[in-house]
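Side chains included, hydrogens not; waters and symmetry mates left out as well; all remaining heavy atoms used. Here, residue 1 is the first one in the sequence, and each next residue gets the next number. This is a predicted model, so every value here is computed, not measured.
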Amino acid sequence: MSTIAAFYGGKSILITGATGFLGKVLMEKLFRTSPDLKVIYILVRPKAGQTLQQRVFQILDSKLFEKVKEVCPNVHEKIRAIYADLNQNDFAISKEDMQELLSCTNIIFHCAATVRFDDTLRHAVQLNVTATRQLLLMASQMPKLEAFIHISTAYSNCNLKHIDEVIYPCPVEPKKIIDSLEWLDDAIIDEITPKLIRDWPNIYTYTKALGEMVVQQESRNLNIAIIRPSIVGATWQEPFPGWVDNINGPNGIIIATGKGFLRAIKATPMAVADVIPVDTVVNLMLAVGWYTAVHRPKSTLVYHITSGNMNPCNWHKMGNTTSTHSSGKPWCHTESSIAGQLDTVAHFIIGFELKNAFPRMENTWHAGVQVLATFEKIPFERPFRRPNANFTSNSFTSQYWNAVSHRAPAIIYDCYLRLTGRKPRMTKLMNRLLRTVSMLEYFINRSWEWSTYNTEMLMSELSPEDQRVFNFDVRQLNWLEYIENYVLGVKKYLLKEDMAGIPKAKQRLKRLRNIHYLFNTALFLIAWRLLIARSQMARNVWFFIVSFCYKFLSYFRASSTLKV
Ligand SMILES: CCCCCCCCCCCCCCCCCC(=O)SCCNC(=O)CCNC(=O)[C@H](O)C(C)(C)COP(=O)(O)OP(=O)(O)OC[C@H]1O[C@@H](n2cnc3c(N)ncnc32)[C@H](O)[C@@H]1OP(=O)(O)O
Ligand SMILES: NC(=O)C1=CN([C@@H]2O[C@H](COP(=O)(O)OP(=O)(O)OC[C@H]3O[C@@H](n4cnc5c(N)ncnc54)[C@H](OP(=O)(O)O)[C@@H]3O)[C@@H](O)[C@H]2O)C=CC1
């Protein structure tokens, strides 16, 4: 029997953010491995016209919870949804509910946060900092509390290159920021925000750093641990591979690429793609909950759950894995290769995708550019264009790709919509997509080193059975397999596309490829024809090529006649 699973038996567990991506997987694993737990309290707000109960039923009725229903048939009775809004004082929890929470809770997992990069400072501080402080205050009044697990992000200190498992101080005290936000108006807040966040790339990472400081300052004599995951991706193994349910992080990019909207991205191909499967994060969370409660470390321990230091994968490999016709040559994936440079120059001179007119050149340029292998096997339905992925770390090249591969096709498509009496929408959609991608660029053009001493220490503390049931060792992860399941999961669970539609989608891809070649060949011939009309040199080159081909053919004809 697993020690960790047994530990959660009979416990009352409070989860914030249980309706989010991480929270759902956490609940699922808890119910599946410790069906004898007493109750899970979840702090929920009504949303999108759904009551709390409707939200809970929707989660429990989803595919994610299918296995849970087998091992814990009375799961509905073990979830207690409590109305709460973390934006409000005392979270707007009723007195009776508050009383129950304070007197019964044994373990807290604090997952709720705003993860939007462009949130206002006021809202992000309220949720990621003030709410954390308030929850700690509540925790300090819980006589039965054994552990408080705070979920932060590995990027809370992304202004540093090497990040240790310690809480770093922020330049301005969280309390000062909380206090000043109470009387400053929104216009002034907007003005001072860049000065406050300094070298943090966005308000999200900055407020998560403030949240950690608050945890340190308000910890009193609580047993607290902080967990810092990197980019949380689809499930690796549990309850089944590839489960994913929101468009954050890589998910939206995978959709945009698979649907052929996004065909180039400003990314450093060799930068580490520090994606970590959500089930791995959850396994660590549960192990940390057990360790913190049972071993009661003297200070607040921070645990990094990242993949880069143990089993690195870079964006090039990611793109390549999802590529349809990979050359398998890593060097040809960047614009630093000679072929790449030539191809880029060719793009500029002729103004269209020359490599597609000469398919053999494709092998030498497409790095990230190799059209996605998984998308060939598992294409998404109704793609706008053929999936492709050009990786470039050069701003100028990136601007060029944006103009040629993104904006121009959107404008052409909008013209087509206008001509056929429909409302144009592609340019607007493309602008939003490019804005989103530009916000993610910071994370795909850099690599960080996260130390993982505490995480490794914890791994060594687990019994072999716990290491199996609560596995967070990413060295065993096979990236090729993981990414393939990830793409499949995006198709099935996010896009809700039917697998039966794959042959039709493949046919459409073939049609798009033919249109693409035809379009490029026509463009090439037109450009060449125009060039010949204007330049004597081009005419000379043309006549030289034609006469050379003619002589070559004549030679072959003559030699084959002689043999006969
Ligand atoms: C070849 C393939 C290779 C694969 C490699 C891919 C590489 C990807 C790299 C990803 C790096 C991610 C780094 C994250 C690091 C921090 C991790 C964390 O701690 S925290 C966790 C990480 N936190 C996050 O990831 C939060 C990031 N997201 C945000 O902050 C906001 O969504 C926003 C500001 C980007 C857009 O806001 P706003 O425009 O006001 O409004 P909405 O939000 O309502 O969405 C509007 C439209 O945008 C669309 N869309 C949305 N997201 C994505 C996406 N990722 N992508 C694409 N599209 C996306 C969405 O579909 C919608 O379209 P439509 O309905 O109009 O048609
Ligand atoms: N996803 C990732 O890549 C990473 C995530 N993390 C961290 O993991 C944690 C969970 O992230 P993730 O699950 O991806 O995020 P989600 O956006 O999927 O979930 C956020 C959760 O917070 C809840 N929440 C937000 N605002 C309120 C509010 N005012 N009152 C009550 N609940 C609220 C949401 O509830 P509702 O459903 O009602 O909106 C939801 O349950 C966060 O702390 C995040 O910083 C860290 C690293 C990477």
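- For H304 and Y453, the distance between ring centers is not under 6.0 angstrom.
- More than 12 heavy atoms of other residues, nucleotides or ligands shown are found within 6.0 angstrom of NZ on K69.
- Considering T207, N202, T114 in turn, T114 is the only one that fulfils the side-chain hydrogen bond (donor to acceptor under 3.5 Å, both in side chains) rule with D119.
- Looking at I276 and T306, their side chains never come closer than 4.5 Å, going by heavy atoms from C-beta outward.
- No more than 12 heavy atoms of other residues, nucleotides or ligands shown are found within 6.0 angstrom of NZ on K38.
- In this structure, R296 does not pair ionically with E146, as no charged nitrogen and carboxylate oxygen lie closer than 4.0 Å.
- Annotation: side chain of L26 is not in contact with side chain of V278 (no heavy-atom distance under 4.5 Å).
- You'll find the side chain of K29 stays beyond 4.5 Å of the side chain of M285, heavy atoms only.
- Taking the ring centre of F443 as origin, the terminal cationic atom of R446 falls outside the region bounded by 6.0 Å and 45° from the ring axis.
- Between the side chain of N478 and the backbone N or O of E481, at least one donor-acceptor pair lies under 3.5 Å.
- The pair E465-R468 meets the salt-bridge criterion, with a side-chain N (NZ, NE, NH1 or NH2) lying under 4.0 Å from an Asp/Glu carboxylate O.
- Formation of a donor-acceptor pair under 3.5 Å by the K11 side chain with backbone atoms of T105 is not found in this model.
- Between the side chain of W479 and the main chain of N311, a donor-acceptor pair closer than 3.5 Å is present.
- The backbone N or O of W200 sits nowhere less than 3.5 Å from a side-chain atom of T205 that would complete a donor-acceptor pair.
- Salt-bridge formation is detected for the pair K377/E484: a Lys NZ or Arg NE/NH1/NH2 atom is positioned less than 4.0 Å from an Asp or Glu carboxylate oxygen.
- Residues E497 and K492 are not paired through a salt bridge, judged by the lack of any N-O separation under 4.0 Å between the basic side chain and the carboxylate.
- Judged by distance alone, the side chain of K259 and the main-chain N or O of E381 form a donor-acceptor pair under 3.5 Å.
- Neither side chain, T280 nor N283, offers a donor N or O lying under 3.5 Å from an acceptor on the other.
- When only modelled atom types and interatomic distance are considered, N128 and Y206 share no side-chain donor-acceptor pair under 3.5 Å.
- Separation of the W450 and Y155 ring centroids falls under the 6.0 Å cut-off.
- Cation-pi geometry between K24 and F65 is not satisfied (NZ or CZ under 6.0 Å from the ring centre, within 45° of the ring normal).
- The backbone N or O of K266 sits nowhere less than 3.5 Å from a side-chain atom of T392 that would complete a donor-acceptor pair.
- Listed for the D279 side chain is no donor-acceptor partner under 3.5 Å among the backbone atoms of T235.
- A salt bridge between E218 and R220 is present, with a side-chain N of the basic residue lying under 4.0 Å from a carboxylate O of the acidic one.
- Ion pairing between a basic and an acidic side chain is recognised when a charged N comes within 4.0 Å of a carboxylate O; K63 and D245 show no such pairing.
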Query raised in the report: Please walk me through it: do E100 and R80 pass salt bridge (charged side-chain N to carboxylate O under 4.0 Å, His left out)?
Result: CA-CA 11 Å; E100 186 177 341; R80 174 116 152 67; 2.8 Å; yes
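- In this structure, Y442 has its ring center at least 6.0 angstrom away from the ring center of F117.
- Checking S451 against D164 by side-chain atom types alone, a donor-acceptor pair falls below 3.5 Å.
- Between Y83 and V44, the closest side-chain pair of non-hydrogen atoms is not below 4.5 Å.
- Using a 4.5 Å cut-off on side-chain heavy atoms (C-beta onward), L86 and Q134 make no contact.
- At a threshold of 4.5 Å between non-hydrogen side-chain atoms, the residues I82 and M98 do not count as touching.
- With a 4.5 Å cut-off on side-chain heavy atoms, L222 and L136 count as touching.
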**Report entry** Criterion ring pair (Phe, Tyr, Trp, His ring centres under 6.0 Å) on H150 and F109, from CA distance to verdict
**Finding:** CA-CA 6 Å; H150 173 76; F109 289 101; over 10 Å; no
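- For the residue pair E449 and N309, no side-chain donor N or O sits within less than 3.5 Å of a side-chain acceptor on the partner.
- A heavy-atom distance below 4.5 Å is not found between the side chains of M213 and Y168.
- In this structure, a donor-acceptor pair under 3.5 Å is present between the side chains of S2 and D466.
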Requested in this report: Check the pair W315 / N445 against side chain to side chain donor-acceptor pair (under 3.5 Å), numbers first and verdict last.
Outcome: CA-CA 9 Å; W315 293 114; N445 283 285; over 6 Å; no
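- Under 4.0 Å is where a charged nitrogen must lie from a carboxylate oxygen, and between E28 and R32 at least one such pair does.
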